[in-house]
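Worksheet: the structure to be examined is printed underneath.
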Amino acid sequence: MKKPDERAYELLRWQAIAPLAEYQETLDYVAIQRQRSDIALDQWDKENPYESSPELTAFRELEHMGQYTQHDYYSPSKAANGFYTAQLRGINDGSIEPSGRVRRIKAGREIRGRKLPSRGTPRKTQGGGSN
């Protein structure tokens with residue numbers, strides 16, 4: 001079995017642009033490999049700052065709410081159509097039930113403590129009386 005330094009030397013040799021000198025036991029190849037790796041990762045982070053898309057943020061919020069589990073996969077095709085933000089918005093405004101079904105709203109009912117406005121004006125009965 002190879003020692004950690006020998007494995008690090010092999011990684012350095014595989015990544016080297018020019019041929020690497022023969023393995024020398026006096027060099028700390030693990031430290032050299034770690035340093036090169038850290039420099040590469042720092043450069044990548046600088047060039048590619050992490051920003052979560054609104055869809056991914058909505059998916060994570062839905063996951064936190066229990067709508068999705070770790071077994072549910074984020075779908076880029078759904079995200080491209082704004083699926084996750086629409087679902088989160090629907091749950092937050094009460095138009096979608098937490099089960100995912102679209103909630104049928106009738107005029108005059110309350111959702112989350114808010115009274116919904118009635119649709120249209122009341123119908124007048126013939127003769128002007130009330131029923």
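Residue numbers count from 1 along this sequence.
Contact record, E55 with A79: CG-O, 3.3 Å, taken as the closest heavy-atom pair. Nearest approach of D5 to L27, heavy atoms of both residues: OD2-O, 3.9 Å.
The side chain to side chain donor-acceptor pair (under 3.5 Å) test applied to E22 returns no partner, not counting sequence neighbours. Remark: P54 pairs with T85 by the side-chain contact (heavy atoms from CB on, under 4.5 Å) rule, at least two apart or across chains. Qualifying side chain to side chain donor-acceptor pair (under 3.5 Å) partners for S77, counting only residues two or more places apart in sequence or in other chains: S75.
Here the CZ-CD1 distance, from R89 to I91, works out to 12.0 Å after rounding to the nearest 0.5 Å. The distance from the CD atom of E10 to the OH atom of Y23 is 10.0 Å, given to the nearest 0.5 Å. Rounded to the nearest 0.5 Å, atoms CD1 (I39) and CZ (R34) are 13.0 Å apart. Of the inter-residue distances, the one linking Q33 atom CD with Y9 atom OH reads 13.0 Å to the nearest 0.5 angstrom.
Of the possible polar contacts, one joining the T57 side chain to the S53 backbone as a donor-acceptor pair under 3.5 Å is found. Here the side chain of N81 pairs no donor or acceptor atom with the backbone of K78 at under 3.5 angstrom.
No more than 12 heavy-atom neighbours from other residues, nucleotides or ligands sit within 6.0 angstrom of CD on E25. Dense packing is recorded around CD of E6, with more than 12 heavy atoms of other residues, nucleotides or ligands lying under 6.0 Å away.
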Practice task
Check the pair Q67, E63 against side-chain hydrogen bond (donor to acceptor under 3.5 Å, both in side chains), reporting the backbone distance first and the verdict last.
Solution key: CA-CA 5 Å; Q67 297 300 305; E63 188 177 43; over 6 Å; no
Exercise for the section: Any chance you could lay out the side-chain contact (heavy atoms from CB on, under 4.5 Å) test for E61 and Y84, step after step, and finish with the verdict? Expected result: CA-CA 9 Å; E61 179 64 24; Y84 298 112; over 6 Å; no
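Note: Y68 and Y74 fail the aromatic proximity criterion, with ring centroids not under 6.0 Å apart.
F59 and M65 fall within a single hydrophobic cluster, where Ile, Leu, Val, Met, Phe, Trp and Tyr side chains are chained together by heavy-atom contacts under 4.5 Å.
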